[in-house]
Amino acid sequence: MKKFFVIGNPIAHSLSPILQNHWLKENNIDATYDKIKLEDLQIKNFIRDIKDQKIAGCNVTVPFKKTVIPFLDELSPEAGLTQSVNTITFDSGNLVGHNTDIAGFYTAIKKLNFALEGKKVLILGAGGVVPSIIFALKNMHVQEITISNRTREKAENLRLLFDDLKILEWGNLTDFNMVINATSLGLNNETINLNFSSLGQDKLFYDVIYNPYETPFLKMGRKLGCRTENGKTMFVYQALEAFKLWHKIEPKVNTDTYKLLDND
Ligand code: ATR
């Protein structure tokens, strides 16, 4: 039986196994999908097991999306440009790193019908998923992307990948059409100490977090009369793209799919 995994640290919170196992069953595929917590030093051997086909493939989450790259044979163009891998496949003897976070975010925004072309986007945070979000936003032809991160250096490092980013000191605000919370603030109900109240209502507040369903950041956006969206659709579609890469089948997404992930 083929074995798939999601690797990360921490990993206990991951809902990928629920979703992937649901689709495996629905499509009568004889395979398993589990989560596994790894330490840095274990990554090399784990990936070797994919090359040896003891493991069929894996998803990669925080903090290993970049760590895995030196152990792979090839990167998809998107994974190369973002230096971020969230899915590993084994194709014709080669370990290939893919980035399906980009398609996940892109699909989630397209489904909202919030026109972003020529618009301004403010991203809070500079962690693992941010290069993928920037890549997708550029594909949507936004006019300006500003990054604000507590550790300024990490925002500046993103300029090595995307040279036209603006950087804003953490704690300050600038005008935007869409603001994205890509920090971990909100996972445990923490608020973000920014006052958005003078900026008007025609904005989109987007949170990468989907559990809890509504972070204090999204609650604030809703109270200001803005549109809000959590990261659930992005999560589902990054998983769908990974499933397609491994099994060459497009799994179904419907209300039952989303219900699987309702755990709060
Ligand atoms: P990683 O940074 O390992 O990729 P992540 O979960 O993808 O992990 O990113 C965490 C993000 O939340 C970072 O942007 C982090 O800011 P720093 O780069 O300064 O660490 C941000 N973050 C976490 N806790 C925060 C806090 N208390 N205040 C502000 N930002 C915070």
Side-chain angles (χ1 to χ4, degrees), residues 13 15 62 101-102 104-152 154-155 158 162 164-238 255 258-259 261-264:
H13 65 282
L15 297 178
V62 175
D101 289 327
I102 298 169
F105 181 78
Y106 190 91
T107 306
I109 300 304
K110 286 285 155 192
K111 284 184 181 291
L112 287 178
N113 281 326
F114 187 89
L116 274 178
E117 187 165 348
K119 299 288 172 61
K120 294 180 180 178
V121 181
L122 171 62
I123 303 177
L124 307 174
V129 78
V130 172
S132 307
I133 290 177
I134 296 171
F135 190 97
L137 289 170
K138 284 182 167 285
N139 280 345
M140 293 176 217
H141 307 291
V142 301
Q143 184 202 94
E144 187 180 287
I145 301 173
T146 304
I147 308 280
S148 184
N149 192 52
R150 177 180 61 178
T151 311
R152 189 187 168 100
K154 280 209 226 161
L158 285 167
F162 306 99
D164 53 352
L165 292 179
K166 292 198 161 189
I167 294 178
L168 179 70
E169 208 57 48
W170 180 251
N172 292 358
L173 263 188
T174 181
D175 189 29
F176 60 81
N177 304 100
M178 176 187 193
V179 59
I180 300 173
N181 177 31
T183 73
S184 44
L185 292 171
L187 276 175
N188 295 304
N189 241 26
E190 307 94 325
T191 51
I192 299 180
N193 202 6
L194 289 172
N195 183 359
F196 294 101
S197 56
S198 61
L199 290 168
Q201 295 189 340
D202 50 345
K203 319 281 181 198
L204 171 61
F205 278 61
Y206 183 92
D207 205 317
V208 173
I209 298 170
Y210 59 88
N211 183 18
Y213 178 80
E214 190 181 53
T215 57
F217 167 80
L218 288 187
K219 210 169 275 171
M220 180 163 52
R222 181 167 57 81
K223 285 192 177 149
L224 291 171
C226 296
R227 284 189 72 179
T228 62
E229 176 77 3
N230 73 16
K232 195 180 269 188
T233 308
M234 175 180 180
F235 176 74
V236 167
Y237 281 88
Q238 64 75 30
T255 47
Y258 286 99
K259 265 193 214 136
L261 310 173
D262 281 342
N263 62 350
D264 64 341

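Just the heavy atoms: all of them, side chains too, but no hydrogens, waters or symmetry mates, feed the values below.
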*Worked verdict on Ile192 versus Asn181 for side-chain contact (heavy atoms from CB on, under 4.5 Å)*: CA-CA 9 Å; Ile192 299 180; Asn181 177 31; 3.5 Å; yes

*asked:* Under the criterion side-chain contact (heavy atoms from CB on, under 4.5 Å), I'd like the reasoning laid out for Met234 against Tyr106: C-alpha separation, chi angles, the key distance, then a yes or no.
replied: CA-CA 8 Å; Met234 175 180 180; Tyr106 190 91; over 6 Å; no

*Test Val121 against Ile180 for side-chain contact (heavy atoms from CB on, under 4.5 Å), laying out the working first.*
CA-CA 8 Å; Val121 181; Ile180 300 173; 3.8 Å; yes

*Go through the steps to decide whether Ile145 and Phe162 satisfy the test side-chain contact (heavy atoms from CB on, under 4.5 Å), and finish with yes or no.*
CA-CA 10 Å; Ile145 301 173; Phe162 306 99; over 6 Å; no

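Taking CG of Leu173 as the start and CG of Leu168 as the end, the distance is 7.0 Å to the nearest 0.5 Å. Interatomic distance, Thr215 OG1 to Leu185 CG, rounded to the nearest 0.5 Å: 9.5 Å. We find the CG-CZ distance between Leu224 and Phe196 to be 8.5 Å, quoted to the nearest 0.5 Å. Annotation: the span from Leu261 atom CG to Lys232 atom NZ amounts to 5.5 Å, rounded to 0.5 Å. Atom OG1 of Thr228 is separated from atom CG of Leu218 by 5.5 Å, given to the nearest 0.5 angstrom. The CG atom of Asp262 sits 8.0 Å away from the OH atom of Tyr213 when rounded to the nearest 0.5 Å.
Counting only residues at least two apart or on different chains, the salt bridge (charged side-chain N to carboxylate O under 4.0 Å, His left out) pairs with a member in residues 193-210 are Asp175-Lys203. Listed by first then second residue, pairs satisfying side-chain hydrogen bond (donor to acceptor under 3.5 Å, both in side chains) with a partner in residues 184-195 read Asn195-Ser197, not counting sequence neighbours. Residue pairs meeting the side-chain hydrogen bond (donor to acceptor under 3.5 Å, both in side chains) criterion with at least one member in residues 115-136, sequence neighbours excluded, are Asn99-Ser132. Contacts classified as ring pair (Phe, Tyr, Trp, His ring centres under 6.0 Å) and involving residues 215-234 (residues at least two apart or in different chains) are given here: Phe205-Phe217.
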Can I get a per-line list of side-chain donor-acceptor pairs under 3.5 Å for residues 109-116, giving both atom names and the distance, sequence neighbours left out?
none

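Trp170 places none of its side-chain heavy atoms less than 4.5 Å from the side chain of Thr151. Counting heavy atoms from C-beta outward, Thr233 and Thr107 have side chains that stay 4.5 Å or more apart. The shortest side-chain heavy-atom distance between Leu165 and Ile134 falls under the 4.5 Å cut-off. Side-chain contact between Leu124 and Leu194 is present, with heavy atoms from C-beta onward closer than 4.5 Å.
Minimum heavy-atom separation, Val130 to Ala182: CG2-CB, 3.6 Å. Closest non-hydrogen pair, Cys226 versus Gly200, comes out as SG-O, 3.7 Å.
For Ala126, the side chain to side chain contact (heavy atoms under 4.5 Å, CB included) test picks out Ile147, Asn149, Lys154, Leu158, with sequence neighbours left out. Remark: Ser148 pairs with no residue by the side-chain hydrogen bond (donor to acceptor under 3.5 Å, both in side chains) rule, at least two apart or across chains. With sequence neighbours left out, Arg222 forms a salt bridge (Lys or Arg N to Asp or Glu O under 4.0 Å) with Glu214. Legend: residues meeting salt bridge (Lys or Arg N to Asp or Glu O under 4.0 Å) with Glu144, ordered by chain and number and at least two apart, are Lys166. By the side-chain hydrogen bond (donor to acceptor under 3.5 Å, both in side chains) test, Asp164 is found to be paired with Lys138, residues two or more places apart in sequence or in another chain being considered.
The aromatic ring centres of Tyr237 and Phe105 sit 6.0 Å or more apart.
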